[in-house]
Amino acid sequence: MPELPEVETQTRDLQKSLLGRKVIRIWTDTPKALHPSLRIFQTELVGKKIVRVTRRAKYVLIELENLIWVTHFRMTGHFLVRQSGVPREKFVRHIFYLDNGLELRLEDIRKFGEMSLIYSKKQSRTLWEQPGSDPVFPIWRESEQVWKKLNQLGPEPLDKGFTLLKFKTILKGKKGSLKQKLMDQNLVAGIGNIYADEICFESKLHPLSRLEKLSLTQIKKLHEVIRQVLKRGIQYRGTTIGEFVDTKGRPGGFQNLVQAYGRKGKPCLCCGTLLKRIVVGQRGTVFCPKCQKLVS
DNA sequence: AACCGCGCCTGCCTGC
DNA sequence: TGCAGGCAGGCGCGGT
Ligand SMILES: [Zn+2]
């Protein structure tokens, strides 16, 4: 599943292939995944130069002059950059034909991935004041919705500003099981099921530990481990268990370093105890019953 | 605010 | 071997 390290890997690849490019044509299999509509993508995205590619949480943000093209991969999505003429992969849902003969393809088995075309913040406010732009009204609505979500996101755990103090501040008054809170995008952005299991394992905390009961020492450890695990994920270009690949279609390497996720019934790499599987927040969760302390 | 269950979607795994 | 049924899971939604 694409989480922060996977989305970052894709984003870094896209920076190399998309800067200065224009989309000249769009093909899609799944128009319902394009918001506000395929039609708006055709009229507003086609012909605009790409000026910046960044990541926020698990979103890829492809910036044009006054617009941002926002992609969320959900479960099984990723971009591929292919030379035109290379046969379309089976699960490609959209193709964005570029002005240099390359194609940006979204491959997504389960069709959960979504894209939005929204105004950059400044533009959104300006146009809101101006009536009479009927043809693009759907973009206003989409912009409002997506910006609301983006503005609610918690801090980027790998940013300089994500200090221990910052972490303590955002956790203040929050209650719940550790793993669920780690995956709450509005607390800390970008952590999903795989990295949450790894973070719990490395910080030696049971995923059902109560956040509000953690000691200062444990919070400090957690803060360090979050950054360390995510950085290593990026260094290894993501985790490929099933489908994730970079934009050239190459798998990542972090799956070889995974200590908990997907290792139910296998010996703990730390103590040899067999790892257990439970469900936390409707998500499969693997942990070592001996190494990971339940704080409650 | 926390927490639960559902729907979205489809390849893959299990069991008969 | 074939087919039905369950599973996986990010996220938004609605309900308690
Ligand atoms: Zn152990």
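Quick note on labels: first sequence line is chain A, next is B, and so on, each numbered from 1. Scope of the values below: all heavy atoms of this structure, side chains included, with no hydrogens, waters or symmetry mates.
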From the list A/E3, A/K179, A/E198, side-chain hydrogen bond (donor to acceptor under 3.5 Å, both in side chains) partner of A/N193 resolves to A/K179
If each of A/K149 and A/R277 is mapped to the nucleotide of DNA chain C with the nearest heavy atom, which maps nearer the 5' terminus, i.e. the 5' end? A/R277
Are any of the side-chain nitrogens in A/E8 or A/R12 under 4.0 Å away from the carboxylate oxygens of its partner? yes
Which nucleotide of DNA chain C is the first, and which the last, in the 5' to 3' direction, to come under 4.0 Å of a heavy atom belonging to chain A? C/dA8 to C/dG12
Can you confirm whether the side chains of A/T239 and A/Y195 place a donor and an acceptor under 3.5 Å from each other? yes
Just checking A/Y261: base, sugar-phosphate only, or nothing, at a heavy-atom cut-off of under 4.0 Å? sugar-phosphate
Hey, would you say the A/H223 and A/F167 ring centroids sit under 6.0 Å apart? yes
Rounded distance (Å) that lies between atom P of B/dC9 and atom CZ of A/R74: 12 Å
So, A/E202 versus A/Q259: side-chain donor-acceptor pair below 3.5 Å or not? yes
Any carboxylate oxygen within less than 4.0 angstrom of a Lys/Arg side-chain nitrogen, looking at A/R56 and A/E156? yes
To the nearest Å, how far apart are A/R93 CZ and B/dC8 C1'? 13 Å
Once you apply a heavy-atom cut-off of 4.0 Å, does A/Q282 come out as touching a base, just sugar-phosphate, or nothing? base
Scan A/F91 against the nucleic acid and name what it touches under 4.0 Å (heavy atoms): base, sugar-phosphate only, or nothing. sugar-phosphate
Would you call the rings of A/F287 and A/H206 parallel, tilted or perpendicular, where under 30° means parallel and over 60° means perpendicular? tilted
What's A/M1 touching, base or sugar-phosphate or nothing? Going by heavy atoms closer than 4.0 Å. sugar-phosphate
Scan nucleotides 1-3 of chain B against the protein and return all N/O pairs shorter than 3.5 Å with their distances rounded to 0.1 Å.
| unit_1 | atom_1 | unit_2 | atom_2 | d |
| --- | --- | --- | --- | --- |
| B/dA2 | OP1 | A/K175 | N | 3.0 |
| B/dA2 | OP1 | A/K175 | O | 3.3 |
| B/dC3 | OP1 | A/R210 | NH1 | 3.2 |
| B/dC3 | OP1 | A/R210 | NH2 | 3.0 |

Would you say A/T76 and A/D108 are linked by a side-chain donor-acceptor pair, where the criterion is simply a distance under 3.5 Å? yes
